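As structure tokens, the structure follows; a few thoughts come after it.
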Amino acid sequence: MTTLIEKLTPTFREIFEDEALQLTTDTTARDVLGWDSLQHVTLILAVERRFAVRFTSAEVADLQSVGDLIALLHKKGVADA
Amino acid sequence: MSASHVERLVAYAQTHHPRSIIGINESQASAPHDFERIANPYLSWCEMALGEAAFEKALGAFARFSSDVNIAQARYEASGQYEHKSFAQCNDEVYNSAETMTEYLWGVYLSNFLWAHHLELMLFFEQRFIKKLGESVLIVEIAPGHGGWGLWALQQLKHATLVGFDISVTSIQIASSLANASGLATRAQYRQMDAMTIAEQPTAQAEACICCFLVEHLEQPAKLLQAMNHVLKNDGLAFFTGALTAAQIDHIFEFKQESELYLLAEQAGFRVIESRSVAPSRLLRGARYLPRSMALILQKVRSI
């Protein structure tokens, strides 16, 4: 089974241009170089495309960690597979 | 020695809003002395107005506001048009919600100096507009929102007075709370009024008018310039700002060129004395639009 964190990892690596980036559910912007408010939106759009979902502005603003993003994807019906 | 307001804000942002810190640092580095000179009193007023946990509330609002702006700009990049087209849509979703407006206004308040390009506009306002005014002018501020622009003018002009008209009760509450916090309340009055009706009513003839970032929220921007003309004496000066190809949830009139704002002003009986168009240095990846904020200093040359 491929977990969501495994599915998200290539997207994070591409956006933040870091092939060695390792994600955990506790990973936040403090842990990833370049994860500012603009790159956050670039990341969100890439995740929307990858999983065919759409986030509200409030959801985008409130996301703090990779764990939050996974929980939100679960809420939108995206499952580990 | 205790930490300054700016030092405490930056420390709080590093811990709680790490996505905002690059932009804050950029603004601070763009004009370090002016940043401190403007941010410290702005933050002091904010702390007095909001009370306990002021920075937590205000910086949280700023982070959400910045995120909302970025996501709106990303949707605009994809669709080629602003999300909303009518004032009624925005009225339902934004202006009529005290909670949304409160958060929005505190976010905008901090963006006056935490966004480097808006700090640049603040300096243009202070150094090129306020310095042209006499010490005891009457200023009319149309849609003061948080009130920070007009209060900054009052702080510089020791005998000036200000009357602000805003459609939003929440705006009047926040602007009044900041006027009290800054010790400027005896020279600032705020009244609830729709900017679109100002030209239909008798008002004091002012030497100066301020109207910041309202025009892009309107279906009929020409009426706003008519209102600004109406409240000014002949030769009176106005500071007028607008957003170009810069989306937000409640921006409905899409200005694409700086010349559109010039034309609006000239058609409403003003001559443009100076202007400044600024943009963020960092953009969304692959952006085709450059989101700009433009300020114009206008002089009334004829009544309309």
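All chains are named by letter (A, B, ...) in the order of the sequence lines, taking the proteins before the strands, and each is independently numbered beginning at 1. All values reported here derive from a predicted model rather than from experimental measurement.
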Tell me, side chain or backbone of B:Ile249 under 4.5 Å from chain A's heavy atoms, or both, or neither?
neither
Contact origin within A:Gln39 toward chain B - heavy atom pairs under 4.5 Å
side chain
Could you work out, with salt bridge (Lys or Arg N to Asp or Glu O under 4.0 Å) as the rule, every residue matching B:Arg292, not counting sequence neighbours?
B:Glu258
Closest non-hydrogen atoms of A:Arg30 and B:Thr15, given as atom of the first, atom of the second and distance, are NH1-O, 3.6 Å
Quick one: of B:Arg75, B:Gln14, B:Gln73, who has the most non-hydrogen atom pairs under 4.5 Å with chain A?
B:Arg75
Let me know if A:Leu38 has heavy atoms under 4.5 Å from chain B in its side chain, its backbone, both or neither.
both
Bottom line for B:Ile22: the part with an atom under 4.5 Å from chain A's heavy atoms is side chain
Rounded at 0.5 Å granularity, tell me how far NE2 in B:His16 sits from OG1 in A:Thr28.
11.5 Å
Note: B:Ile71 and A:Val41 closest approach over all heavy atoms is N-CG2, 3.9 Å
Counting only heavy atoms closer than 4.5 Å, note whether A:Glu59 contacts chain B via side chain, backbone, both or neither.
neither
Restricting to non-hydrogen atoms, name the atom on B:Asp68 and the atom on A:Ser57 that form the minimum distance, rounded to 0.1 Å.
OD1-CB, 3.4 Å
Taking side chain as everything from C-beta outward and backbone as N, CA, C, O, which of these in A:Ile15 sits under 4.5 Å from a heavy atom of chain B? Side chain, backbone, both or neither.
both
With a 6.0 Å cut-off (strictly less than), is the heavy-atom count around CG of A:Leu33, excluding the residue itself, greater than 12?
no
On a heavy-atom basis, which atom in A:Ala61 and which in B:Arg19 lie closest, and how many Å separate them?
O-NH2, 3.3 Å
